[in-house]
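First the structure, in the form of structure tokens, and then the observations on it.
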Amino acid sequence: MRTTVSLVSIALAGVLLTACADSAAEEPGAASGEVDTSAPLYDSLPKDVKDAEELVVVGDAHPPYRTVESDGEVTGIDPDMWAVLGAELGVPVRMEVSQSMPSMLTGMQSGRWQAWNGPVQANPEREKAFDAITWLQTRTSYVFPEGSEVKEGEGAPCGKSIAIVGGSITESEVDKLNKWCAEQGEPANKRSDYADTNATLLAVKSGRADLAGMTETAALDVTGADDSYGYVTQTDEQGSGVSLLALLTPKDSGLGKTLYQAFQNIFENGEYEKVLKKWGLEPVAVEEPLINPTTKREPA
């Protein structure tokens, strides 16, 4: 059974999603919750979005993309990014919080939500049903607690227990790492799947896992906030590479071209760079957004 908590609609009812609430009005690109028909891309929005006078998007608890605070407020790079994208679109953006990737994918396909800003890797299978707009790049990293045998500056280890978010990019990366471990005559890592990044860190903290696998973006956030954690990054030799992270929107939503243009606009006007700088994520920035990079499919 899918469980969805509409936390943002409670915390931010009637405003363009900024997720930084009151402070976001002072951020570049933030706007009021009213429809702005003079916005650069308002005219290109699908009729159903104009009629609804809002865009309904989804996200899970996945710092630094989205952190659900105790009062229901959602903070992070994703809400800030939706604030500047919403200013281009001219409609308020309302986010609902879901607990897993499968529920978000099926929820978008059923029409409940119109977009999800990941982090999710673009791939040919997803690009059959969704338009994928890439806006970040990352490598797979493994967060470990203070006192661990794992050392910073070394590659990813073998023979450890790794907690990951089920269905995430890290799943296939651990498989590649284990293949490398076998080639070195080392034992494979044991993988355990959890609902979100917070759950993987709790597994490490409680001793149920040695490492929490996540994107380097998330690892930067975790270790920046708590110096009792460190992280190592999976190397090219260990089967990893740079992964492109994407926003997904259903092809039948008619939003692919418009959202792609919105990303192009915020790259050109500097708002993209400002959001990444605010969160200290310049190392994972991309030079330009891409749409459907693995299939070159034209957006619907």
Side-chain angles (χ1 to χ4, degrees), residues 2 41 44-46 48-49 55-60 62 65-66 77-78 81-82 85-86 88-89 93 95-96 98-140 164-176 193 196 213-218 234 236 239-267 272 284-300:
R2 182 176 70 222
L41 297 174
S44 64
L45 287 171
D48 62 329
V49 176
L55 186 67
V56 185
V57 303
V58 67
D60 57 345
H62 193 129
Y65 300 90
R66 291 164 298 271
I77 185 175
D78 184 21
M81 196 61 68
W82 276 119
L85 290 170
E88 298 295 317
L89 301 174
V93 181
M95 182 185 290
E96 295 186 348
S98 181
Q99 291 187 337
S100 69
M101 181 185 295
S103 72
M104 290 186 285
L105 295 177
T106 57
M108 285 191 290
Q109 289 177 308
S110 70
R112 180 169 189 169
W113 303 302
Q114 293 155 312
W116 170 41
N117 215 356
V120 63
Q121 189 171 22
N123 64 37
E125 187 62 30
R126 291 189 182 116
E127 288 175 22
K128 290 179 182 178
F130 300 94
D131 285 323
I133 303 165
T134 61
W135 61 285
L136 284 179
Q137 60 185 352
T138 192
R139 289 181 178 272
T140 295
I164 70 164
V165 177
S168 69
I169 298 167
T170 313
E171 188 174 289
S172 61
E173 294 293 282
V174 172
D175 291 341
K176 293 175 185 176
D193 295 358
D196 55 41
M214 60 189 70
T215 64
E216 187 174 11
T217 312
Q234 190 168 336
D236 290 342
S240 185
V242 174
S243 297
L244 293 174
L245 303 183
L247 172 148
L248 298 182
T249 184
K251 285 191 175 294
D252 60 8
S253 72
L255 279 165
K257 287 182 180 179
T258 302
L259 286 172
Y260 178 47
Q261 183 62 59
F263 268 102
Q264 289 178 308
N265 288 358
I266 66 172
F267 269 68
Y272 170 82
V284 294
V286 295
E287 291 185 2
E288 62 179 355
L290 302 172
I291 190 161
N292 300 330
T294 67
T295 61
K296 308 302 181 185
R297 292 173 183 264
E298 289 295 318

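In what follows, every heavy atom counts, from backbone to side chain, and hydrogens, waters and symmetry copies are set aside.
Between G86 and V93, the closest heavy-atom pair is CA-CG2, 4.0 Å. Taking each heavy atom of S44 and T258 in turn, the nearest pair found is O-OG1, 3.0 Å. Scanning both residues, R139 and D236, for their nearest heavy atoms gives NH1-OD1, 2.7 Å. Of all the heavy atoms in K251 and E298, the pair that sits closest is NZ-O, 4.1 Å. The two atoms that bring Q109 and P250 nearest to each other are N-CG, 4.5 Å, heavy atoms only. In terms of heavy atoms, L105 sits closest to F130 at O-CZ, 3.7 Å.
A side-chain N or O of E127 and one of T294 form a donor-acceptor pair less than 3.5 Å apart. Counted by atom type alone, S240 and E173 present one or more donor-acceptor pairs between their side chains at under 3.5 Å.
Remark: M214 CE to D196 CG distance equals 10.5 Å, nearest 0.5 Å. If you take OG on S253 and CE on M108, they are separated by 9.5 Å, rounding to the nearest 0.5 Å.
Within the 3.5 Å criterion, the main-chain N or O of S103 finds no donor-acceptor partner in the side chain of S98. With hydrogens and angles disregarded, no donor-acceptor distance shorter than 3.5 Å links the side chain of R66 to the backbone of G59. Without hydrogens or angle criteria, Q261 side chain to K257 main chain gives no donor-acceptor distance under 3.5 Å. Using modelled atom types, one side-chain atom of N123 and one backbone atom of E125 make a donor-acceptor pair closer than 3.5 Å.
For N117, the side-chain hydrogen bond (donor to acceptor under 3.5 Å, both in side chains) partners at least two apart in sequence or on another chain are D78, W135. Not counting sequence neighbours, D48 has no partner by the salt bridge (charged side-chain N to carboxylate O under 4.0 Å, His left out) test. The salt bridge (charged side-chain N to carboxylate O under 4.0 Å, His left out) check on D175 picks up R191, with sequence neighbours excluded. Legend: residues meeting salt bridge (charged side-chain N to carboxylate O under 4.0 Å, His left out) with E88, ordered by chain and number and at least two apart, are absent.
V174 has its side chain within reach of I164: a pair of non-hydrogen atoms, C-beta onward, lies under 4.5 Å apart. Looking at L255 and Q114, their side chains come closer than 4.5 Å, going by heavy atoms from C-beta outward. Inter-residue side-chain proximity for T106 and W113 is flagged as unmet; no heavy-atom pair is nearer than 4.5 Å.
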- Check the pair T134 / Q121 against side-chain contact (heavy atoms from CB on, under 4.5 Å), numbers first and verdict last. CA-CA 8 Å; T134 61; Q121 189 171 22; over 6 Å; no

- Message: Between T217 and Y65, is the side-chain contact (heavy atoms from CB on, under 4.5 Å) condition met? List the steps.
- Response: CA-CA 9 Å; T217 312; Y65 300 90; 3.3 Å; yes

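Listed by first then second residue, pairs satisfying salt bridge (charged side-chain N to carboxylate O under 4.0 Å, His left out) with a partner in residues 102-111 number zero, not counting sequence neighbours.
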Would you be so kind as to tabulate the donor-acceptor pairs closer than 3.5 Å made by side chains of residues 285-293, with sequence neighbours excluded?
residue	atom	partner	partner atom	Å
N292	OD1	A132	N	2.8
N292	ND2	D131	OD1	3.1
N292	ND2	R297	O	2.8

